[in-house]
Colleague: 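Structure incoming, see below.
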Amino acid sequence: MRQTIRPSGSLSGVVALPGDKSISHRFAMIASLAEGTSKLLNYSTGADCHSTLKCVEDLGIEVSEEGTTVTIEGRGLSGWLKPDHALDAGNSGSTIRMLAGLLAGQPFDSEIFGDESLTKRPMGRVMIPLAQMGAAIEAREGKFPPLKIHGGVLRPIDYTLPVASAQVKTCVLFGGLFADGETIVREPMMSRDHTEIALREFGADIQVRQRVITMQGRPKLAGREMVVPADLSSAAFFLVAGLLVPGSHLVIQDVGLNPTRSALLDFLLSIGANIRVLKIESVNGEPIGDIEVRYAPVRGGVIEKDLTAALIDEIPVLAVLGAASEDGLVIRDAQELRIKETDRIATVADNFKRMGIEIEVTPDGMKIPGKQKFKAAEFDSFGDHRIAMAFAVAALRGDGESVVENAEAASVSFPEFWKILGSLAQS
Ligand code: S3P
């Protein structure tokens, strides 16, 4: 699909976004292992979270959907059935890496594969700890999907994550659900903690002290109702749009503001953004609030170390903001960007060239001078949802009509993106 975007006058409106992708995956997987019915409200409408639902169904669990409410009939920790075909994770790294931990603890063998992009993403990071737990997993060339998982008895481990990855942390904790005794995960940097919160809400015994997570195996998880907050990573596109287009004023409703994700707001505030959190409440252990953004020129700055890890999904759209900022933006320690749905350093740089924006690519990041002019261009998403949306936002500031090729990629996390963007733009 080719999406045309005209430069916009000020953006204004109240925005309701789909449910958080990270949280939706976790709720669905945990609910499928809980005893009894779970109702997940405001479940993500994205394709990735539907890949997770399909996998759960293929494992013999009853799943039904009505609007954005997903009902899952869990049958307890040993309720999954051997699937009669390979599981399809689609484009979703979270689905394959997190499910790998759960599949490793089953009394049956299974296979899980994904699309062309997922087939190139590294799985060694989950295979190594799962092997230490006693799992036998085969992968293409020893590290890429598809994964053949020989399920069996797992033992608990004490594992120090070599990379700050919430997917890997989750995979180990999920394996630990099936191991007798205490599984310990130690994090070099704090990564998103939705798994810890969700497991606790469903009844697991899990403690967190200074980046050390300790969980007792074989918990009794109970089905329940859970509300998914709106996705802060999707909100990021509108926050940046509001900061790029003079005169804009947007309110984004009921957004997840978990402190392991909200570094985005702190960073934007630190560079001069006009952002306010209007109300904040705790829902199922996750803070939720409305965010108001008004146009303001921003200074730019440096994203490095822990901040890079905390902002990793938002870097493509922050790079766009960086090019318009006063002082430009330097991004370091972002090697992980090279192994996302695309090599996001390369795909950002490619699209920047198309719009005449100067960028210096470094092995672990990029340097983007500020105060640059945005030319209208033909962008390509390269099949990556966050690249499609980041350059749609860039196009709002273009000097003419732009196009995003392969725009349908946005549906991976945010199918309503184009419609909502269109409804906010005043011409
Ligand atoms: C996610 C963790 C991050 C993030 C991804 C979702 C999660 O990946 O980039 O979009 O839900 O745990 P890593 O765990 O690879 O850092």
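Counting starts at 1 for both ligands and their atoms, following the listed order. Quick note: numbers below take in every heavy atom, side chains included, and nothing from hydrogens, waters or symmetry partners.
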Colleague: For ligand 1, which atoms, with element, lie under 4.0 Å from some heavy atom of A166?
Modeller: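 So the answer, numbered in order with elements, is 12 (O), 14 (O).
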
Colleague: Answer yes when D313 and R386 have at least one side-chain N-carboxylate O distance shorter than 4.0 Å, and no when they do not.
Modeller: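 Yes.
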
Colleague: Is E378 salt-bridged to R2, cutoff N-O under 4.0 Å?
Modeller: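 Judged by the 4.0 Å cut-off on N to carboxylate O distance, E378 and R2 do form a salt bridge.
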
Colleague: Looking only at protein heavy atoms, which one is nearest to atom 14 (O) of ligand 1, and what is the separation?
Modeller: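 Residue, atom and distance for the closest contact: S165 OG, 2.6 Å.
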
Colleague: Heavy atoms only, cut-off 4.0 Å: how does K169 contact ligand 1, side chain, backbone, both, or neither?
Modeller: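 Near ligand 1, K169 shows nothing, with every heavy atom at 4.0 Å or more.
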
Colleague: For ligand 1, is any non-hydrogen atom under 4.0 Å from M98's backbone (N, CA, C, O), its side chain (CB onward), both, or neither?
Modeller: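 Side chain only.
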
Colleague: Could you tell me whether R218 and D180 have a side-chain N and a carboxylate O separated by less than 4.0 Å?
Modeller: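 Between D180 and R218 there is a salt bridge, with a charged N closer than 4.0 Å to a carboxylate O.
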
Colleague: If you have a sec, work out which protein heavy atom is nearest atom 8 (O) of ligand 1 and how many Å separate them, to one decimal?
Modeller: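 Going atom by atom, the protein heavy atom closest to atom 8 (O) of ligand 1 ends up being K340 NZ, 3.2 Å.
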
Colleague: For ligand 1, which atoms, with element, lie under 4.0 Å from some heavy atom of I312?
Modeller: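 Answer, ordered by atom number: 9 (O).
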
Colleague: Looking at E201 and R26, is there a salt bridge between them, counting it only when a charged N and a carboxylate O are closer than 4.0 Å?
Modeller: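 Between E201 and R26 there is no salt bridge, as every charged N stays at least 4.0 Å from the carboxylate O atoms.
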
Colleague: Starting from atom 12 (O) of ligand 1, locate the nearest protein heavy atom and write down its residue, its atom name and how far away it is, to 0.1 Å.
Modeller: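 Result for atom 12 (O) of ligand 1: R26 NH2, 2.6 Å.
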
Colleague: N/O of E336 under 3.5 Å from N/O of ligand 1, yes or no?
Modeller: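 No - when backbone and side-chain N and O of E336 are compared with those of ligand 1, no distance drops under 3.5 Å.
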
Colleague: For atom 10 (O) of ligand 1, what's the nearest protein heavy-atom neighbour? Residue, atom name and distance, please.
Modeller: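 The answer is D313 OD2, 2.8 Å.
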
Colleague: Is the closest basic N to carboxylate O distance between K169 and E187 below 4.0 Å?
Modeller: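 Judged by the 4.0 Å cut-off on N to carboxylate O distance, K169 and E187 do form a salt bridge.
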
Colleague: Do F238 and F417 have ring centres separated by under 6.0 Å?
Modeller: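 Yes; F417 has its ring centre under 6.0 Å from that of F238.
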
Colleague: Rounded to the nearest 0.5 Å, how far apart are CD1 of I291 and CG of L257?
Modeller: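 One finds 5.0 Å between CD1 of I291 and CG of L257.
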
